[in-house]
Amino acid sequence: MNEALLEVRDISVSFDGFKAINALSFSIAEGELRAIIGPNGAGKTTFMDIVTGKTKPDAGEVIWGEKNVSLLKRQESQIARLGVGRKFQKPTVFEEQTVYENLLMALDNDRSPFAVLFYRHNENDNQRIAALAEEIGLQDHLEKRSGDLSHGQKQWLEIGMLLAQEPRLLLVDEPAAGMTLEERQKTVDLLRRAAQTRAVVVVEHDMDFVRNLDCRVTVLHEGSVLAEGSLDHVTENQDVIGVYLGR
Amino acid sequence: MKGRVLCPFICLETNVISRLFFLLACLVIALPTQAQEGAAPSLKSIIAQNAPDIIKGSVRTAPPIIEALVDLDEPEALRFLSLWQEKSLWYRKADDQIFIAEEREDRTYELFDIATLAPVETLPKKQIKQIKPNSGLRALIDEALVISRLKNDDIAVRQEAVSSLSRLANEQHLAPLRAAIEVEPNQDLKAEMERLERFMTIQFGTSSEERVEAIQKASEDLSIETRANLNRIISSNIALRESVGDDANIARQVMPGEEDFSIEDAYQLLINNDLAEPIPTASERTQILIDNIGEGKVGQFTIHNLDTQKNRDAAYLALVAEGKAPFWSPGLSADILVEQFEFVEVYDEANAQVTAAAEAALKEIETRVAMSEFMDVLLDAISLASIYFLAAIGLAITFGVMRVINMAHGEFIMMGAYTGFVVQQFITNYTLSIIIAIPLAFAVTFLAGVALERLVIRHLYHRPLETLLATFGISIALQQLAKNIFGTQARPLTAPEWLDGALVINDVISISWIRIAIFGLSILFFVVLLFVLNKTRFGLETRAVTQNRQMAASMGINPNFINMLTFGLGSGIAGIAGVAIGLYAKVTSEMGSDYIVQSFMTVVVGGVGNIFGTLAGAVMIGFLQKGIEWFNPANTLAAQTYMIIFIIIFIQFRPRGIIALKGRAAGD
Amino acid sequence: MQGPLTQFLMKNPSVLIFLGLLSAFTMFAAIGSEAFGIGFISTSMIKTLGKTLCFCLIAIAMDLVWGYCGILSLGHFAFFGLGGYMIGMWLMYERTRLIVENSMANAALPPTPEEIQEAIGTQIFGVVGGAEIPVIWSFAHSLPIQLAFVVLVPGLLALIFGWLAFRSRVTGVYLSILTQAMTLALALYLFQNDSGLRGNNGLSGLQNIPGLDHVPQSHISLYFLLASAFALGLGFVIAKLIVENKMGNVIMGIRDNEARVRFLGYHVETYKLFIFTLTAIMAAIAGAIYYPQAGIINPAEIAPIASIYLAVWVAIGGRGRIYGAVIGAALVSMLSSLFTGGQIPNIEWGPINIVWVDWWLVLLGVSFVAVTLYAPKGIGGLFDIIKLERNK
């Protein structure tokens, strides 16, 4: 097994006494595609919050990359610049702005205010944006206000923005929610393609979607890892069956 | 026979000379009264018998007469004594009969009977003569009058005597006062007399021990009067060491330049003692230069060159050299001169034991006053905190529970206060009017709140910043509307009589009953709201809507209705707060804006979403403001400035307030 | 080959339109003025127009920070006032110095520098019972330094306050309340007599420019109108350059979804701080041009209510479009001065007697609520409708 890209060790966090994450350990290697499943309240979203710096855990460590950088002391924007991209459950694109502008903002350029203030449009960036639009199938909508896109298109635009960031790790929260079957298949393809060059973690409820991803699966329950392995392996696990069917 | 009863114990407490004197007085007074045993003496008879002595007015012969007159215990007799003392009595040269006289035209005087005040006759001035008692005798009469008034049967007269004594007492009053204390039946007046006696002993006591003892007793008293009396004992002057004798009661050595004793003061002392010449000031020197201008020059200096201090000094020195100006040199400064002398602070009071005791007593009083003041500030802070709590609690409900910011909250407070004012226009009984005003204010502002929620806020639930602005528009309109209806001047909201005055704990600590009532009201609100939100169906539904609107709706709760009621409740409470605040502050159209920022601060600092937070916020802000004011009492504006800065910094450390909700429920 | 400026202007014709209208307006004012033209516009009207242009400039600042960046600041009038104070210090000091030197010129002895200082101190601070010139007036004699202070003092205050506020992630209504508290604190501080800025007397006589006593007010007012127009034009172009660029995308992103921008790797706090400080400086410059035209500045001008009116202007004009802010500020402030100045005839219908001086604020408040509810895009929204019609 290769060197871990992200390693989460023994993290715990509680809100007003409720233990959202309980001694969770998890690691993902460079270029790996991983699905996380689990019932409601298993701590999937909180786990993402911790990795991306939104929530600070009460205990534990989050280690990143070859240099073993701790992410706990970093701000969200720093973590993002280190190479962690995150897609939210609800499609969150900037609806007032065009697809082009959304992608431009996400492009992996200097993020300091002065660089942004004196930014000049250039051919190189335009080509990168065109390529990304092609990838997410929005090449014909570049000048469209992104609020006017369909639900599925917004999801892809968001994934496209994540790709534009050139992250080494993509955290994707329920990408298939509210999509048509056809859109789902396109999304699966998109994620599988993305995982060829970077690590991708997908949190999903939908078992068919997970099956199509065809990757290693981690099952979370009450803030800890319940099982890990191929989808077939974990669905045969008695504990997992208990959790999903037992109540 | 009062005279004889009185004498012995007066004698006990006075010095030897007066003891002898009174013994003599007792003997003398005994003679005429005993001689007339059987026939009761009257004013007329006493005066008639003693007329020559009264006219002569000798300190030796007068006392028995005075005593006899006092013993009569008649207003006429006392009036006679005052007139005697005021030199308002005259006698007819023909028969030495004594009258009151009033000047008429042509140098004639109309005479009146001393007892009945009936006019007797009018005589030319040469036939009558004024009776002029000397100062010694006048003092004796004065003392006798005080004694008699202190022992008067009418408590009002005694009270009057005590208060006049406290204004202008001298050492002769000490003995009669002490005597009066022994027999005073009224406990309050007796206490007052004892206090006065203490002050007088401190000032006029005959022995150091007596005075020191009185001072030590006084140190238990925090009143301003006591402090003033003690301060009078330690009043002092600063003087040159060599100008005061060795027996002077020196407080300490002082250095020029200390507080209250500047170099200039010290130098002035030297000048007064002919030890130094005045140093010409810069402006005096300039004036001398001007006086010596001749042909555009001062000496050899042309005028237009004299636009720097350096050149002016040079010109002045030249004048000094010529002898045309008082001596001065650039190095000459008062500091160096005064350094060669010693200065001391000398008490006016010569007795060192007494001054030392007074200093110690004052120090003790100061400590206790400081403690009391601290208590007073604490009470003030509690009171302010309860006002902030009242003003903010309605807001805490609308902002905290519904996440809706209502900039018109202050105007609801104002509406409540004006409701109270209007009620008082119709119902003149203040108690009744307040009892009616409170529920009415609640009703008025409740309806206003419901209307605001239905008409405006309902449409803006997902645009919080715009709610802020829209309610601000309401706030401008309501404020101006109130101005148009009620005018710009402050309207009174009068508290019932039983809320007048203050609870006085000691001379420093007092708290007005209105503030106590507001404190009580805050506690009541706190308890009631805690109950309503935590123990009732309404509270449960409110919390459900707060936490998850959809879920609540799916469980049969009507979120719109709950929101409307919650907003109405918050506004209604603002109305009641308005009545309470109106009782203690002025009712104006702008009163709401005085409280709105503090109210928001209270909610934000306390932590949004629970009543305990609001309480904590109100307590913190109230105590903070009073605390800052305590350190800088002259400047309440600065106190508010610093408080706000403190709050901005506080939010750095606890962005969610003192009592913060954690986790996802806190939202973003 | 097109330069970047031409490109920018081609992409944003509204800039050219605005600058054109502004120039036309200025020309019109100059021709109508008493100073150089036919004189049908009174000097006080020229001043009102010039002041309105300054309001438009601060409204642009407000639109940038609120309409584009989503920070509803209720404190920008504090920066406006501070800018006014900074320039007012120079105006008042230098003018007092000239007067004092003039009156002392006839003294028997020529005055020393110390005497002049003392006389100036007494003149300026006599009303608050002082004669000493406070430390903060140390540079009041120097126009360049005070001009630098116009930018530096409010800029620094905005920087410190913004750093504290944004760092602790105070957002939304909390931030608004906090900015309002800052304004209140500043106003209360300035109300004190020992603030060094003459307490509630404020600074006065600012319309008299030191050394220009021989120039009539009709001329000076026109110069200031030109300066206001120039500053407004510049402000408009700068604002446009910011919002029509990637910077605009980022700050609008912050307005619409702060967290998302953060996860894109932008340090949101720095961006907010940049915009907050930049707009504070714009406001300060507007104030520095405004108060010499107003003639007097006192702490009441800084009171929180002024900043809220600013929000009202921008909201009525239309947020998120620079020209909307200009329209709102111009319209509402002009209407306000017409109504409260008694220029609108009062209504008398039998028992109903509406005195506009009394009812203007009620009207404003209610119409503001109506705009918020029914026309969230403000007057600028009308232009959208026109545009849509034309595209059909």
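Letters go in sequence order (proteins before strands), and every chain restarts at 1.
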**Student:** Measuring heavy-atom distances to chain C, does A/Glu158 have an atom under 4.5 Å in its side chain, in its backbone, in both, or in neither?
**Tutor:**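 Interface part for A/Glu158: both.
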**Student:** Output the residues of residues 137-156 of chain A for which the shortest heavy-atom distance to chain C is under 4.5 Å, in residue-number order; output 'none' if no such residue exists.
**Tutor:**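 Answer by number: none.
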**Student:** Of the backbone (N, CA, C, O) and the side chain (C-beta and beyond), which part of C/Val261 lies under 4.5 Å from a heavy atom of chain A, both, or neither?
**Tutor:**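 The answer is both parts of C/Val261.
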**Student:** Check for a donor-acceptor pair, side chain of C/Ser307 on one end and backbone N or O of C/Phe77 on the other, with a separation under 3.5 Å.
**Tutor:**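 Yes, C/Ser307 side chain to C/Phe77 backbone: donor-acceptor pair under 3.5 Å.
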**Student:** Between A/Phe118 and A/Phe114, how do the two ring planes meet: parallel, tilted or perpendicular, split at 30° and 60°?
**Tutor:**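 Ring orientation of A/Phe118 relative to A/Phe114: parallel.
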**Student:** Do the side chains of C/Ile58 and C/Met282 get nearer than 4.5 Å, heavy atoms only?
**Tutor:**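 They are not in side-chain contact.
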**Student:** Counting heavy-atom pairs under 4.5 Å to chain C, which of A/Glu96, A/Glu95, A/Gln97, A/His121 comes out on top?
**Tutor:**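 Among the listed options, the one with the most contacts to chain C is A/Gln97.
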**Student:** Answer yes if the side chains of A/Ser77 and C/Arg262 hold a donor-acceptor pair under 3.5 Å, and no otherwise.
**Tutor:**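 Note: A/Ser77 and C/Arg262 side chains miss the donor-acceptor criterion.
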**Student:** Against chain A, label C/Asn257 side chain, backbone, both or neither, depending on which of its atoms sit under 4.5 Å from a heavy atom there.
**Tutor:**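 For C/Asn257, backbone and side chain are both near chain A.
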**Student:** Based on non-hydrogen pairs under 4.5 Å, which of C/Met247, C/Arg260, C/Glu269, C/Met252 is most in contact with chain A?
**Tutor:**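 Greatest number of close heavy-atom pairs with chain A: C/Arg260.
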**Student:** Between A/Asn109 and A/Tyr119, do the side chains contain a donor N or O and an acceptor N or O under 3.5 Å apart?
**Tutor:**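 No.
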**Student:** Tell me, side chain or backbone of C/Phe263 under 4.5 Å from chain A's heavy atoms, or both, or neither?
**Tutor:**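 Interface part for C/Phe263: both.
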**Student:** Please answer whether the main-chain N or O of A/Phe94 pairs with a side-chain N or O of A/Asn102 as donor and acceptor at a distance below 3.5 Å.
**Tutor:**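 Yes, because the side chain of A/Asn102 sits within donor-acceptor range (under 3.5 Å) of the backbone of A/Phe94.
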**Student:** Parallel, tilted or perpendicular, judged at 30° and 60°: which one describes the rings of C/Phe166 and C/Phe276?
**Tutor:**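 Correct class here is perpendicular.
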**Student:** Might you work through the ring-ring contact (aromatic ring centres under 6.0 Å, His included) test for C/Tyr323 and C/Phe383, ending with a clear yes or no?
**Tutor:** CA-CA 11 Å; C/Tyr323 64 86; C/Phe383 291 86; 5.3 Å; yes
**Student:** Is chain C contacted by the side chain of A/Gln165, its backbone, both, or neither, given a heavy-atom distance below 4.5 Å?
**Tutor:**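 The answer is the side chain of A/Gln165.
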**Student:** Is the backbone of A/Asp125 close enough, under 3.5 Å, to the side chain of A/Asn122 for a donor and an acceptor to pair up by distance?
**Tutor:**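 A pair under 3.5 Å: yes.
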**Student:** List in chain and number order the residues that pass ring pair (Phe, Tyr, Trp, His ring centres under 6.0 Å) with C/Tyr271, two or more places apart in sequence or in another chain; answer none if no residue qualifies.
**Tutor:**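 Applying ring pair (Phe, Tyr, Trp, His ring centres under 6.0 Å) to C/Tyr271 gives C/Tyr266.
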**Student:** Identify which part of C/Asn249 has an atom lying under 4.5 Å from any heavy atom of chain A, answering side chain, backbone, both or neither.
**Tutor:**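 Answer is both: backbone and side chain atoms of C/Asn249 are under 4.5 Å from chain A.
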